[in-house]
Amino acid sequence: MSSLNELPPELICQILAYLSSQDLRALKLTSQFWNKFYQTNEASIYHRAAVQHNFVESMNVPLDDALNGKGKYLSGVHGWRELCRRGLTLERNWARHGCHPLNLIATDHPDVHRIKVDEEVGIVITTHADGGLVVRDMDTGEVLWGLPRTYVRSYAHCEYSNGFLIFDRLGQAKEVWRLATEYERSPLPADEFQQEISFTINQFIGPSKGNFKPWALLVMPELGRAFRFVYPVLLVSGLTRAYLYHVETGELIQTITETQAVRDSSALGDINYVELNAFHVLICGTLQLRIFERGSGNLLYSMSPRRSTFDCIQVAVDYDSGAIEADLPAKTCLVAPLAQHELHEQGLTPQAQFVAVHTSPDGKTVVALLSDCRLLVIKDIGRLIKGEACLRESAVVVHLFCPDHAPAAVDSSGIYLAFEYGRVGVITTSGVFVVTLDAIFHGLEDPWTLRHGTRPRSPSSFIRDSPYPSMIICRILPFAFRDYLDNVTCLQLTQSKMFFTWHPDIVPPRSQQSANPNITNSSESNEPSGMNAGAAPAQLHLPNAEHHNTEDDDAVVVILDDEDAEMDEDEDDEDDEDEQNVGFIMNPEPPFAGFEGAQGESNIYAKAVAYLDFTPKYPNEE
């Protein structure tokens, strides 16, 4: 055969499967033959391209399955070519220099503590410093459903996955609720307080995509220190034991004992964070990070936060490479890729500790944030546990502190960590960051040019030899206000958005007031957004149901002593207000009310929900 175009079409399609989407488009433009070949075999060509770019697992995945549950950025897609186009555009938006929309939610209730997001359903769930839980529409900011502050405790932690919502009640219990649209009869006994408040709330609000129904009340054997939910398993860590529950059935499926046992001359320490996957349970302590085996409960691996224990490549970033060259357009933020270099000299931070840890769904990748702004990334924890690889072959440490805080980053702090879809979100007192671990996997780098150093911004040899040779580190600007970064209490990543708590006034200027009072894109430079930033925390409440108003015979009052209150992993953020007794007030008589807040002086602790939208703006363009 004299040329490629003489091969059978099936064989040509298999050859083209090794090309990137960009190369496919270039080949199509080379001749009439290739243009006609593409028109005839477009579905097969781009189905293979979707596999090549990891948008689907194999050629056996049909288009409908590929689109199911992938978020609104793929709405309206009717073919594999459009799926590849939008997917690649989304990947570039996360990791390439550019401006993207910035929005604010819950400016009328600016004491947000925790955030959970269901992008497919389109809801944002928040708990609040003054108590209460609120479910809002992601697109409009409209309040869809909620529980009053007299029911949900102050600074409640919450978890959400697959339609199940879990938050902590004062004491040793966890409340489990489920989306009403997915609700089936619970096999667990009903809790009277959950049933009572559900009945009361649902008398005065209509059905919506954000309504929840009570599912169960899980009472722990001891006071919990931190908990994490990865469907269908809830992990709750006490001081010396960890408990795993199957949420749908309420069954205690495993207890891990002696989590504080001395290992390498050290105990675990106070519990900061917990994580789990199908194979492991991970617990962050002040003195160690420990990995236990699911099933046996055996301690498999432990690591100290001391710098001397990290015998691996150390990467620092050049903040000047991400500087803002001009004023940002209104209602936008800037993704600024940062240059990287090897860090040879490290300062000492003897009091550093692990702040948080997350794993990939397959259990292989582990990311951990330390209090001194180091980000530890381990590529294959299984090989490390088995002794098949050393830490230097498996891990890289990224230092995310501002040079102004060098040499030891003693004034910098790691604040929050998130890990989804191969991207790591990190907030420190030096900024907001997005780290794309494997640019080749996401179709952003060509492996051949990376290996031979022929791309315009070629990495140095130490990057190519690291476990993550194509790592891209971006800083999100203009979020560079240290005092406000220090008060961030939550960070969440979805496939196309980043959510975190942020002061409603400290955002880029906007050209005009948002038409929707529930959702704003930014704030006037001198005026509060939605309401005064220092307003007293707004309250979701039932009218006439005050803390001490129990005159109505139908009201149900339960007083819980805070001495038995469960400690949240961010307990240090809680104020003296939590030491008071908290009452559960459920009054079935008055109608459901929304949110009300009083005017007050501005304060640094006001927090709404900021979210950055990386959804492709022009999906029909190449």
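Just so it is clear, the structure is predicted and the values come from calculations on it, not from any experiment.
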Under 4.5 Å between any side-chain heavy atoms of Asn35 and Leu29, yes or no? no

For ring pair (Phe, Tyr, Trp, His ring centres under 6.0 Å), just list the numbers for Phe164 and Trp177, CA-CA rounded to whole Å, side-chain angles, deciding distance to a tenth of an Å, and then say yes or no. CA-CA 6 Å; Phe164 284 92; Trp177 295 64; over 10 Å; no

What is the distance from atom CE of Met59 to atom CD of Gln14, rounded to the nearest 0.5 Å? 9.0 Å

Do Tyr38 and Tyr46 make a side-chain contact, defined as non-hydrogen atoms from C-beta onward lying under 4.5 Å apart? yes

Give me the one residue out of Val366, Val357, Leu235 that meets side chain to side chain contact (heavy atoms under 4.5 Å, CB included) with Glu275. Val357

Gap between atom NE2 of His341 and atom CG of Asp318 - 0.5 Å precision: 7.0 Å

Rounded to the nearest 0.5 Å, what separates atom OH in Tyr245 from atom CZ in Phe227? 13.0 Å

Check: Ser470/Asp438 side-chain N/O donor and acceptor closer than 3.5 Å: yes

Among side-chain atoms of Thr494 and Glu420, is any donor-acceptor pair under 3.5 angstrom? no

Say whether, by atom type as modelled, one donor and one acceptor occur between the side chain of Arg383 and the main chain of Glu388 under 3.5 angstrom. yes

What are the two closest non-hydrogen atoms of Val355 and Gly414, and how far apart are they? CG2-O, 3.8 Å

Distance flag, aromatic centroids of Tyr611 and Phe500, threshold under 6.0 Å: no

Quick one, Glu248 with Tyr231, criterion side-chain hydrogen bond (donor to acceptor under 3.5 Å, both in side chains). Give me CA distance, side-chain angles, the key distance, then yes/no. CA-CA 9 Å; Glu248 289 192 356; Tyr231 179 83; 2.4 Å; yes

The single option from Asp139, Asn211, Asp137, Leu144 passing side chain to side chain contact (heavy atoms under 4.5 Å, CB included) against Ile123: Leu144

Please examine the side chains of Leu485 and Ile427, heavy atoms only from C-beta on, and report whether any two atoms are closer than 4.5 Å. yes

Report the C-alpha distance between Val135 and Lys209 in whole Å, list the side-chain angles of each, state the deciding distance to 0.1 Å, and finish with yes or no for side-chain contact (heavy atoms from CB on, under 4.5 Å). CA-CA 10 Å; Val135 181; Lys209 62 182 180 181; over 6 Å; no

Per the side chain to side chain contact (heavy atoms under 4.5 Å, CB included) rule, which among Val117, Asp118, Ile115 passes with Tyr160? Asp118

Residues Arg423, Glu91: salt bridge by 4.0 Å N-O rule: yes

Checking Phe433, Tyr421, Phe614 against Trp94 for ring-ring contact (aromatic ring centres under 6.0 Å, His included), the one that qualifies is Phe614

Step through the shown structure and confirm whether more than 12 heavy atoms of other residues, nucleotides or ligands are within 6.0 Å of NZ on Lys364. no

On the ring face of Tyr468, is Lys379 found with NZ or CZ under 6.0 Å from the centre and within 45° of the axis? yes

A side-chain contact here means heavy atoms from C-beta on lying under 4.5 Å apart; do Arg86 and Glu82 qualify? yes

Kindly determine whether Thr359 and Asn277 satisfy side-chain hydrogen bond (donor to acceptor under 3.5 Å, both in side chains), including the steps that lead there. CA-CA 7 Å; Thr359 72; Asn277 55 47; 3.2 Å; yes

Within the 4.5 Å heavy-atom criterion, are Arg114 and Thr489 side-chain neighbours or not? yes

Under a 4.0 Å N-O cut-off, is there an ion pair linking Arg136 with Glu142? no

In terms of heavy-atom contacts, Val335 and Asn93 come closest through CG2-O, 3.9 Å

Please find the pair of heavy atoms, one from Ile15 and one from Leu7, that lie closest to each other, and give the distance. CD1-CD1, 3.8 Å

Parallel, tilted or perpendicular, judged at 30° and 60°: which one describes the rings of Tyr183 and Trp215? perpendicular

Heavy-atom side-chain proximity of Leu417 to Leu491 below 4.5 angstrom: no

How long is the span from the CG atom in Leu300 to the CG atom in Leu384, to the nearest 0.5 Å? 11.0 Å

OG (Ser466) and CD (Glu342) are apart, to the nearest 0.5 Å, by 10.0 Å

When you measure from the side chain of Ser394 to the backbone of Leu391, do you find a donor-acceptor pair of N or O atoms at a distance under 3.5 Å? no

Correct closest heavy-atom pair for Ala66 and Val56 would be CB-CG1, 3.4 Å

How many angstroms lie between CD1 in Ile476 and SG in Cys333, if you round to the nearest 0.5 Å? 6.0 Å

Residue pair Ile12 / Phe37, side-chain heavy-atom distance below 4.5 Å: yes

Does atom CD (Glu57) have a neighbourhood of more than 12 heavy atoms from anything else shown, all under 6.0 Å? no

Pair Phe167 and His157, ring centroids less than 6.0 Å apart: no

Does the plane of the ring in Trp145 sit parallel, tilted or perpendicular to the ring in Phe212? Use 30° and 60° as the thresholds. tilted

If I compare all heavy atoms of Ala95 with all of Pro337, which pair ends up nearest, and what's the gap? O-CG, 3.8 Å

Please report the shortest heavy-atom distance between Ala395 and Leu376, naming the atom on each side. CB-CD1, 4.1 Å

Side chains of Val247 and Glu159 in contact at under 4.5 Å (non-hydrogen atoms): no

For Glu293 and His280, test the side chains for any donor-to-acceptor distance below 3.5 angstrom and give the result as yes or no. no

After noting the C-alpha distance and the side-chain angles of Leu244 and Leu234, does the key distance pass the side-chain contact (heavy atoms from CB on, under 4.5 Å) rule? CA-CA 6 Å; Leu244 286 78; Leu234 171 67; over 6 Å; no

